[in-house]
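For ligands, and for the atoms within them, numbers begin at 1 and follow the listed sequence. The shown structure was predicted, so the numbers you read here are calculated from the model rather than taken from an experiment.
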Amino acid sequence: MISEITENLRHVRERMAAAAARSGRPADAVELIAVSKTHPAEVIRELTRAPHTLFGESKVQELLAKAPELPSSLRWHFIGHLQKNKIRRLLPWVEAVHSVDSLALATDLDRIAAEEGRRPDVYLQVNVAEDAAKFGFSPESVRRDLEALLALPRLNILGLMTIPALVEKPEQNRPAFAALRTLRDDLAAAAGVPLPGLSMGMSDDFDVAIEEGATSVRVGSAIFGRRRRVIQAEPD
Ligand SMILES: *Cc1c(COP(=O)(O)O)cnc(C)c1O
């Protein structure tokens with residue numbers, strides 16, 4: 001019997017392939033991060049049988065509670081706001097951090113990655129809508145800090161990430177996705193580096209994000225259903 005989340009995953013992959021085809025890109029040009037926050041390890045394990053191996057979490061203590069219970073073949077990406085005092089514990093578990101939102105955080109991440117022998121993939125989180133309530137570089141600050149960021153030897157800076165505003169219709173986020181791509185193109189040209197990665201698109205709007213060039217989509221509720229209230233706590 002095929003479980004509901006396995007069925008959801010299949011449907012998400014179909015939507016991804018269709019959006020990639022509309023934008024003239026191969027289906028495997030876009031990576032799917034299954035955002036498993038609030039869902040327990042057993043649910044994640046079920047999805048691994050699909051098979052699916054790449055998961056995203058937005059809280060360090062939640063990731064540290066679940067990841068050790070699951071096969072070591074799973075790949076984890078961190079997508080939430082990262083506090084400096086949690087970097088060292090997080091680093092052994094993740095291959096990428098999508099939410100590097102300041103030069104200060106990047107500098108700490110680089111130093112601790114060197115101490116721990118890690119080379120994480122990194123996306124710079126940019127607040128393209130310039131919503132003051134959110135974390136992230138502004139387009140001007142990422143331009144200003146790019147040279148310093150690219151000089152950090154332990155960070156493999158793949159590109160940019162954004163979380164757009166909550167909107168009624170996915171189409172309303174198209175300008176924000178297009179703005180992130182244009183910013184990426186400008187930064188890459190100015191710095192003479194490729195910056196291939198665009199982490200953008202969530203359950204409601206990943207089709208639009210893929211049409212605008214997303215290389216990584218972060219999809220939670222369209223796969224796992226509604227988020228559960230109770231988040232696994234860190235063991236005492
Ligand atoms: C929760 C979360 C997602 C997934 O959101 P859905 O709307 O459930 O797909 C994506 N990105 C970030 C940064 C998140 O925190």
The test is salt bridge (Lys or Arg N to Asp or Glu O under 4.0 Å); show your working for Glu140 and Arg144 and say whether it passes. CA-CA 6 Å; Glu140 304 84 76; Arg144 186 191 61 216; over 6 Å; no
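- Contact annotation: for Ile163 versus ligand 1, heavy atoms closer than 4.0 Å belong to the side chain alone.
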Worked check of side-chain contact (heavy atoms from CB on, under 4.5 Å) between Gln61 and Lys86: CA-CA 9 Å; Gln61 58 267 45; Lys86 298 196 173 144; 3.6 Å; yes
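- The minimum heavy-atom distance linking Leu91 with Pro120 is given by the pair CD2-CG, 4.0 Å.
- Between Tyr123 and His98, the two ring planes are parallel [angle under 30°; tilted spans 30° to 60°].
- Proximity to Ile79 (heavy-atom distance under 4.0 Å) selects the following atoms of ligand 1: 11 (N), 12 (C), 13 (C), 14 (C).
- For ligand 1, the atoms closer than 4.0 angstrom to any heavy atom of Ser221 are 6 (P), 7 (O), 8 (O), 9 (O).
- Taking the six-membered ring for Trp and thresholds of 30 and 60 degrees, Phe55 and Phe224 have ring planes inclined between 30 and 60 degrees apart.
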Worked check of side-chain contact (heavy atoms from CB on, under 4.5 Å) between Glu95 and His77: CA-CA 6 Å; Glu95 65 177 38; His77 285 193; 2.9 Å; yes
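- Between Ala113 and Arg154, the shortest heavy-atom distance links the atoms CB-CB, 3.9 Å.
- Residue Gly220 places at least one N or O, backbone or side chain, under 3.5 Å from an N or O of ligand 1.
- Here the heavy atom of the protein found nearest to atom 2 (C) of ligand 1 is Lys37 NZ, 2.6 Å.
- By the criterion of a heavy-atom distance under 4.0 Å, neither the backbone nor the side chain of His98 is placed next to ligand 1.
- Annotation: atom 5 (O) of ligand 1 to nearest protein heavy atom, Met202 CE, 3.6 Å.
- Note: an N/O pair closer than 3.5 Å links Arg218 and ligand 1 by distance alone.
- Set against the non-hydrogen atoms of Val219, the atoms of ligand 1 under 4.0 Å away are 9 (O).
- Close contacts between ligand 1 and Ser203 involve ligand atoms 6 (P), 7 (O), 8 (O), 9 (O) [criterion: under 4.0 Å to a heavy atom].
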